[in-house]
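I have placed the structure first, in the form of C-alpha cells, so that the comments after it can refer back to it.
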Amino acid sequence: MDFSQFVAGGRRAIAEGAVLERVRRDPDLGLDPHILNGGFVYDAKARGRLSDIHADYMGLAREARLPILAFTDTWRCSQHAIDASRFKGRAVNQDNARFLNELRASLGEGSPIFIGGLVGPSGDAYKPEDGLDRPSAYDFHRPQIRALASAGIDFLHLATAPNVEEALGVADAMAETDLPYVISFVIRRTGVVLDGTPVVQAMDRIDADTARPPVGFSINCVHARVLETTLEAVATTRPEIGRRILAFQANTADAEVEELDNSDVLVTEPAEDFADRVARLGSRFGLRVLGGCCGTEGKHIEALASKLASKETLA
C-alpha cells in the first residue's frame, strides 16, 4: 500500500508526536542555529537520540497495528539554511530521508510506516508577516522539495504554515513532483490561519488554484480545543470539511500562539487526558490521522494509539 492508496482507503492512523521539541530541551544535544536538528544524522550521539524517538513512535504504532506517519527532521532544512550552516555542501535532506528509510527497514514487516518529507515555513511559524509571497515561496522552497522528492519518501508535508500565500508557493513546488503532498496550517481558535484567512477558505483556494491539489490538509501545533472550536463553527455550513482535513497533530498547551512562541516553559497535560480529547475530536469530525506536536512524547502517542486501535477494531 502506498500513501495515496492509504488516503483513498479510509483507514485510521497515528502520526508521530514531538521530535524537535524533545531534542531542543535535551541538555546533552545542541541544535544548529540554522537547520536545528537537521544535522543530527551526522553525529553518532545525536543520531542515536533521533533513532530512539522515531523508533519508539513507530514501535507504538506497530503494537497497536496502526499505520503511522513519520517525518524527516528537515523542518528548517531549506537550501538557504543549509548553505548558511556548517553543513553546507552536504545532502542534508536526502541523508535525513535515508536515515528514516533505514530505520523503517530495520523494523521489518508490519503495519505501514509512511515517511513524509518535512518542509517548514521560511520564517517564524508564528509570525505570518515573515512569510513569503507565492512566487518567492516557490523559488525558496523548490530546491528542498526536489531534494526530498528524490530520496525515496512516501509523501511531502508542509508543517506549521502561518501564511496562505507561502503555502500556495509550496504547493506549486510540491505539485511539480509525482508525490502526494499535505499542507498543514497553524490556526487560531477563531478558525483563521495566522494571516487572518479563514482556514476553510485557505483550503478551498489551494484546492482550486494549484495544478495538482494536495491529497489532504492538516492542522498542527495547536491544542485540540482550538480545532474543535473551529470545526464546530463551520459544521453546519460545511459538514464535509473534516474529511478534507486528513491529519491533526495536537500540542498540549491550550494557549494562543504568542504565548507559546519561544517559551521557556513547556506546558504539557496527562497522556490520558490528551488522548481522550484528541480521539473524541477525531471521531466527532472524521479526522483519520491523529498525532502529537509540542508537549507530547511516547506516552501520549501510546495512549492515543490504544484508543484509535479500539475504534479501528470496531469499524
Side-chain angles (χ1 to χ4, degrees), residues 1-7 9 11-24 26 28-32 35-77 87 90-119 144 147-157 159 179-180 182 247 249 271 289-293 296-306 308-309 312:
M1 176 168 55
D2 65 22
F3 189 69
S4 293
Q5 291 171 328
F6 161 73
V7 172
R11 189 178 177 188
R12 294 183 180 92
I14 281 288
E16 288 184 315
V19 178
L20 175 57
E21 277 302 315
R22 291 177 66 179
V23 298
R24 186 198 300 277
D26 189 328
D28 295 329
L29 301 174
L31 299 179
D32 182 86
I35 67 169
L36 302 181
N37 58 331
F40 278 13
V41 291
Y42 303 116
D43 176 87
K45 181 178 181 181
R47 183 185 178 99
R49 180 64 178 137
L50 282 185
S51 180
D52 289 344
I53 293 172
H54 286 294
D56 183 41
Y57 290 142
M58 292 176 183
L60 291 170
R62 284 279 173 90
E63 289 173 11
R65 298 184 179 181
L66 290 170
I68 184 170
L69 276 59
F71 304 94
T72 58
D73 295 287
T74 52
W75 184 65
R76 281 297 188 205
C77 294
F87 301 98
R90 289 182 180 264
V92 173
N93 287 283
Q94 296 93 323
D95 290 340
N96 272 277
R98 185 177 303 111
F99 161 71
L100 274 191
N101 269 305
E102 291 172 355
L103 183 60
R104 173 171 60 180
S106 73
L107 297 180
E109 296 296 322
S111 300
I113 298 170
F114 298 110
I115 295 175
L118 186 60
V119 175
Q144 181 186 14
L148 287 167
S150 73
I153 59 173
D154 299 301
F155 67 102
L156 292 157
H157 186 83
L179 289 175
V182 177
Q249 289 181 271
V289 181
L290 300 172
C293 201
T296 60
E297 52 187 46
K299 61 186 179 182
H300 295 87
I301 301 305
E302 182 177 23
L304 183 56
S306 177
L308 294 190
E312 187 81 0

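Along the sequence shown, the residues carry numbers beginning at 1. Basis for what follows: all heavy atoms, side chains included, without hydrogens, waters or symmetry-related copies.
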Residues which pass side-chain hydrogen bond (donor to acceptor under 3.5 Å, both in side chains) with Asn93, listed by chain and number, not counting sequence neighbours: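 Once residues adjacent in sequence are excluded, the partners of Asn93 under the side-chain hydrogen bond (donor to acceptor under 3.5 Å, both in side chains) criterion are Gln144.
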Any residue meeting side-chain hydrogen bond (donor to acceptor under 3.5 Å, both in side chains) with Asp32, in chain and number order, not counting sequence neighbours: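 If we apply the side-chain hydrogen bond (donor to acceptor under 3.5 Å, both in side chains) test to Asp32, skipping adjacent residues, there are no hits.
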Return the minimal non-hydrogen interatomic distance between [X] and [Y], and the atom names on each side.
X: Pro112; Y: Met1; value: CG-CE, 3.4 Å
X: Ala303; Y: Ala271; value: CB-O, 3.9 Å
X: Arg49; Y: Asp26; value: NE-OD2, 3.7 Å
X: Ser111; Y: Pro67; value: CB-N, 4.1 Å
X: Asp154; Y: Leu179; value: O-CD2, 4.0 Å
X: Ala61; Y: Ile68; value: CB-CB, 3.6 Å

Atom pair [atom1]/[atom2] of [X] and [Y] - distance to nearest 0.5 Å:
X: Leu118; Y: Trp75; atom1: CG; atom2: CH2; result: 8.5 Å
X: Arg76; Y: Leu31; atom1: CZ; atom2: CG; result: 12.0 Å
X: Asp95; Y: Glu102; atom1: CG; atom2: CD; result: 9.5 Å
X: Ile115; Y: Leu156; atom1: CD1; atom2: CG; result: 12.5 Å
X: Phe3; Y: Ile153; atom1: CZ; atom2: CD1; result: 10.5 Å
X: Asn37; Y: Arg22; atom1: CG; atom2: CZ; result: 12.5 Å

Just by modelled atom types, is the [Y] backbone N or O under 3.5 Å from a matching donor or acceptor in the [X] side chain?
X: Glu297; Y: Gly17; result: no
X: Ser106; Y: Leu103; result: yes
X: Tyr57; Y: Asp52; result: no
X: Ser150; Y: Ala147; result: yes
X: His54; Y: Ser51; result: no
X: Thr72; Y: Asn96; result: no

Can you confirm whether [X] sits close enough to [Y] that some side-chain heavy atom of one is under 4.5 Å from a side-chain heavy atom of the other?
X: Ile113; Y: Arg62; result: yes
X: Val23; Y: Ile53; result: yes
X: Leu69; Y: Ile14; result: no
X: Phe71; Y: Val19; result: no

Step-by-step side chain to side chain contact (heavy atoms under 4.5 Å, CB included) determination, Val41 to Asp73: CA-CA 9 Å; Val41 291; Asp73 295 287; 5.9 Å; no
Mutual orientation of the aromatic rings belonging to Phe6 and Phe114 [parallel < 30°, tilted 30-60°, perpendicular > 60°]: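 Because their plane-to-plane angle lies in the 30° to 60° range, the rings of Phe6 and Phe114 count as tilted.
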Parallel, tilted or perpendicular: rings of His157 and Phe155 (30°, 60°):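 Ring orientation, 0 to 90° scale: perpendicular.
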Lys NZ or Arg CZ of Arg47 over Tyr42 ring: under 6.0 Å, within 45°: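 Pair Arg47/Tyr42 does not count as cation-pi.
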Intermediate values then yes/no, side chain to side chain contact (heavy atoms under 4.5 Å, CB included), Arg12 and Val289: CA-CA 6 Å; Arg12 294 183 180 92; Val289 181; over 6 Å; no
Sidechain N-carboxylate O distance under 4.0 Å for Glu21, Arg24: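 Looking at Glu21 and Arg24, the cut-off is met.
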Asn101 and Arg98: side chain donor to acceptor below 3.5 Å: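 The criterion, which ignores hydrogens and geometry beyond distance, is not satisfied for Arg98 and Asn101.
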